[in-house]
Every structure is written in C-alpha cells, then in structure tokens.
Amino acid sequence: MATQAQAPAEPAAERSPAPDVRLADLRKTYGDVLAVDRVDLEVGQGEFFTLLGPSGSGKTTTLRLIAGFERPDSGSIELGGVDVSSTPPYLRDVNTVFQDYALFPHMTVLENVAYGLRVKGIARAERRQKAEDALRMVRLEGYGARKPIQLSGGQRQRVALARAIVNSPRVLLLDEPLGALDLKLREQMQIELKSIQNSLGMTFLYVTHDQEEALTMSDRIAVFNEGRIEQIGSPEEIYEHPATEFVAGFVGVSNVLEREGRRFTVRPEKIRMRPEEEPQSPGLESETGQVREVVYAGMITRYLVDLERGGELTVIRQNLETTSEQVLEERGRRVRLEWRPEHTFTIEAGRESHE
Amino acid sequence: MRTNGSRVALGVWTGLVTVFLLFPIVLIMVYAFNKATVQSWPITGFSIKWFTKAWHNQEIRDALWLSLKAGLLSTGIAILLGTAAAFAVHRFRFFGREVVSFVLILPLALPGIVTGMALNSSFTVAGIDLSLWTIVVGHATFCIVIVYNNALARLRRTQSSLVEASMDLGADGWQTFRFVTLPVMSTALVSGALLAFALSFDEVIVTYFTAGAQNTLPLWILGAIRHGGSTLPQVNVAVLVVILLTLIPVAISVRFARDTGVLRRR
C-alpha cells in the first residue's frame, strides 16, 4: 500500500499530463430509454469526484460504463489518456465498490481481499501481506478468517473497500457504497472514506443520490438529471451558485422566485424572518407573506411562507432560544422576509426541472 | 394456542401416519434377515444367509452393475446438459427461451409410461437396438430436469454482481468461472446430481421400455416377485440395497441443499 500522504487535488502534471478519467460525448441507451446523454467530464488525479443525482439520472450507468460492465453507444472513455471504450473490465485499471458489496460468499474475508492479486498471479505470501495491510487500513484486522456472512453490514462494506483498494487502481469507483447503512454508521464511514482517500492519494469516483454526502466529501460534484450533467463544480459552487433550477432544487431546498422576468434562487438559511409590521431594513430585498406550514426538526425549524406577490419560500431558523411550542405558534402569522441581494442567484432559463 | 388435548391427538395421528408409511419398508428390511425360506409372521429367527446368496447370484450382480452404470452415466449427462441449459436460460434472452424451459421440465410432468413408449417406438423406428445407452437416454430425460432446476434456482438466488465483481478485480471469463461461478454453484450441482442418481437407480417404468432383455436391479426385483419361488428371500435383500442406495444420496443432498452461506441472505 502506498502510505505517503499526498495532497488530494494537487494537479500532478509531471506524473501524468492526462486526467485520470475523461468522458467525451458519452451516450448509452437501453431500448427507448436514454440513460446517458452526451456526458463530458474530466476527473483529475487524486480528486474526490462525485456523481450526484436522483435514481434513474444516469449516474450509476456512467459509473458502469467506466468500469466496463456496459458498452457505450457512442463517445469515448479514457483512463489516464488511454482510450478504454472497448477494453473488457478485467483489463481496466479501475476497481469498484459495489452497492450490494458483492463479496464472494464461499471465500473468507482475506481470500476476498486477496482475490484481485490472486488472479493477477501475485505470489501467495505477498498477496497475504498486502491483503492484511488493506484490512488494517479499513480497521478489520483479525477478521481475515471469517466468512462474509458472519459480518455486519458496515463490516462487509469495509471488506468491499479493502478488496478494491488493495489493487491500487488508478481510479476507485464507488456505487452508493453507504446506501445500505444506517445514518450514524454512514456519517462515520463518510469521514473514514475521505481520510482513506487522502492518505492513499487515490482518485475516487463516487456515486450517490444523497446531496449532503456529496457536499461533505467531494472535491467536485457533477449533478446528473435525466442522463445529462446539469452542473459541475465544487460543493460551494453547486450549493451557493446553482446553475439550473434542477440543481437548486436537488441540492438543498428549491427556493425559486420569479420577479420582473428574473428567475432566481435564495437559500433558506439566508432568509431573515421578522414580524410584518417591522420596517424594511435598508439594503435588503424584502417580501411579505403568511406562514403556511411549520416543521419542527429538532436543531432547526422549517417555515413554508406564501408570498403576497406570488410564489413561496422555505425559511430555516436554528432553534437557538425558542421552544417547540413557540415555533409552532408561528403558523398563520403574517411575516416579512428579508435577504441580501448578493445571496440570490439567477437561474438559467430554458432547462426545466424534470422532477 | 393449541390445547393440550388437541396436541396429543395430533401427535398420535402423526405417529400413526408415519407407522403406516414406514411399516412396509421396515417389514422388508426385517424379512431380509429372515432365517426361513417362507415369509411368515412372526419370523422364526435371524440370519444373513440371504445376503451371501444374493451376493453370489450372478443375475443380481449383473442387474446391480447395470443399474449403477445407467445411474452414473445419466447423471453425468444430466450435469453437463442441465447446467448448460440453466446458464443459457438464466443468462440470455433468446428466441424460444420459454419453449426450451418447458421442454426441459416436460419429462417430469409426463407419465413415465408415455415417455417410455415414445422412446421405445422411436428406437424401433430408428433401428436402434436396446442397450445400456437406450436406458441412459431414457433416464437422462428426467435427470436433466433435476439438475436444471437445482442449478437454475441457485443461479436465481445468487447475486448477479458477483461475476461483475470478479471481472472488475481482474479475472477473465475462465478465472471467473473457476473461482466464483463454479464454487457458488457446486453445492447445488452436487445435490442435483445425487437426486438424479437416486431417481435413476430405482426407476422402473421408463426403464422397462428402454432396457429390452436387460435387467436393472428394480427390473430384476419386479421379475423375481412375479415368478415367485426360491429367489423371493433374495428379493428382500435386493430391495434393501435399492432403498439404501436411494436414501443415502437423497439424505446427503438434503444436507447440501441447506443454506451453506452461498445463498443470498439479507
């Protein structure tokens, strides 16, 4: 295992000028269904790159095209500058962590992890050593002799990860790897995955439908919708400057308004809510309306406000000093909503939300 | 909740049914150790002399040997063809897939007498002399179904991502088959093979039409009972052998069919 720490997003131009993954005009149909539609993207060396989108948006198909389980109808897939579009999966320098883990049930944990090295003809002693190192990395030391069926979901997930990284692939493909885990475990694994990626300096291509997961872990995110990429950018860009209405709605809450022919979005935590009778603050944009719904969610409360001039906005407030009784009393109140002009972002017209 | 009374009644009833089903088998086993030549109850004493006689009876030896050969050969054919068919039906969507599936299962549904007569007339029309191989063909018709069903059930319950995972980790088609597909299938194949052998070993009807003048062990038993006479005590011994050679594979196969950790568990 490579153990030296490495800056993840470092553009290592002298090592390899080509990006680790390059997809050009990629297209894949199943019968009449257009699963992946003209997808272009580049993933740099050591990057944590996430494909984010709802189910059926083409993100998993894109991952399977890169792994080689599917053949594209047209377009090209390059790994490190080499076109692999028609290379079988076993000759591609990528490894996959499957959503259902796909551990071999008849093999022990150690045999599972050593499998990739075994089929490549690595000597028994060496592959055992490497497999044990990989198990140590995912904190499953001493579990080598067990069968997958004797492990918990979280442990199986770690074995699947160890089995993939032990081969030191150019790119690690992760297909919703945390999808089957409960919330606590998922949050813990997010941190662990990120730190493993950091210490290996390996390129991760991560598929998820969980926007929070994507925002937490990624260097960059590509938001998928109906087979196409809506936007590529850093988590901050995606969240604060959504390019389309779909991105605004899928990443966070869809707070889209249309005023004087301009469609724009404003994030719910950027909106200040005050009693209607209070005067308008200078320099802020302001609207009045009525609270239609109050959703108490422990740490925060969500308010859904119908605006006088049409449309609705969601407002999020932290429950700093208010009790649940107090916040629920807000229902039906008339309020004034205010936000800074620089917190609004114009939405590209034309691309409608398909959800 | 069941009351105590109904539980006792149910237990007694179950016991009676079991005795009713097993009594004839036990009776034959006891008679195999009978000292006298005439079967009458109660038996007068125990002896293993019929085992010695049966062992040295050339007819029984030939019949047993023929049964073993037919069973092993038809099981072998069933493993090859049944597994191949299961893979084809599971993996590919092709024209006539449903028909293939139906035709494979048909011999199990058809009465043996129909299969037997059909095969017999076909062999006659084609001018094929009845031999070991015609018996094997007859037995293979239903042995293939057994292996096919077992293999297909296992394939359907196995994660399809296992093959992808193997390819993803660098194994080519042959390595994937050897290291993943075959081991995952193996218990299903072994249990299918054992069941197929057991079915072939005690089959009478199809064999009757495809064996001609030859005797498998069940056919010999049938003939000996019909003719009666001095060989009857040896029949009990032969039946005992058939029971054991049929029961043992079935028992092993039941063990194999149990969850071995290979099946998907969620």
Side-chain angles (χ1 to χ4, degrees), chain A residues 31 60 63-64 66-70 87-108 111-122 127 131 146-151 153 156 159-160 162-169 171-176 180, chain B residues 79 83 86-87 90-95 97 150-194 252-253 255-266:
Chain A
T60 294
L63 198 79
R64 292 175 59 82
I66 298 169
F69 304 140
E70 311 279 350
T87 307
Y90 53 87
L91 296 177
R92 297 190 188 192
D93 192 9
V94 297
N95 285 119
T96 308
V97 177
F98 290 82
Q99 186 172 12
D100 61 1
Y101 316 139
L103 300 179
F104 304 124
H106 56 292
M107 297 183 196
T108 64
E111 286 168 342
N112 262 284
V113 176
Y115 185 80
L117 305 170
R118 176 181 171 202
V119 296
K120 282 186 204 88
I122 309 264
R127 65 183 193 233
R146 299 206 193 175
K147 286 281 179 78
I149 203 152
Q150 297 168 293
L151 302 181
R156 287 183 211 184
V159 176
R163 187 177 68 172
I165 60 176
V166 76
N167 306 291
S168 314
V171 182
L172 189 70
L173 308 173
L174 302 104
D175 183 11
E176 310 218 12
Chain B
I79 288 177
T83 313
F87 270 108
H90 179 71
R91 188 85 61 82
F92 306 108
R93 304 276 169 276
F94 54 87
F95 179 74
R97 179 168 164 268
N150 261 23
L152 193 61
R154 176 61 56 85
L155 282 173
R156 287 196 173 136
R157 291 170 70 183
T158 306
Q159 286 172 280
S160 59
S161 53
L162 290 184
V163 169
E164 282 180 358
S166 170
M167 304 278 253
D168 184 72
L169 291 163
D172 59 26
W174 169 242
Q175 288 174 315
T176 297
F177 180 76
R178 213 177 109 215
F179 296 140
V180 176
T181 313
L182 200 58
V184 166
M185 296 290 297
S186 63
T187 51
L189 292 184
V190 169
S191 89
L194 289 168
I252 297 174
S253 128
R255 282 203 78 98
F256 263 113
R258 271 194 216 139
D259 200 340
T260 46
V262 165
L263 302 182
R264 173 159 46 182
R265 238 195 238 165
R266 278 277 157 113

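Only this structure's heavy atoms are used, side chains among them; waters, hydrogens and symmetry mates stay out. Throughout, a chain's letter reflects where its sequence line sits, starting with A, and its residues are numbered from 1.
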Would the distance check show the side chain of Q159(B) and the main-chain N or O of D100(A) forming a donor-acceptor pair, the cut-off being under 3.5 Å? yes

Sidechain-backbone polar pair: H106(A) side chain, M185(B) backbone, donor-acceptor under 3.5 Å: no

Minimum heavy-atom separation for M107(A) to V180(B), with atom names? CE-CG2, 4.5 Å

For S161(B) and A102(A) the tightest heavy-atom approach is OG-CB, 3.3 Å

Look at atom CZ of F94(B) and say whether more than 12 heavy atoms of other residues, nucleotides or ligands are closer to it than 6.0 Å. yes

Measuring heavy-atom distances to chain B, does [X] have an atom under 4.5 Å in its side chain, in its backbone, in both, or in neither?
{"X": "L103(A)", "answer": "backbone"}
{"X": "F104(A)", "answer": "both"}
{"X": "R118(A)", "answer": "side chain"}

Report the distance from atom CG of D168(B) to atom OH of Y115(A), rounding to the nearest 0.5 Å. 11.0 Å

Can you tell which part of S166(B) gets under 4.5 Å to a heavy atom of chain A, answering side chain, backbone, both or neither? both

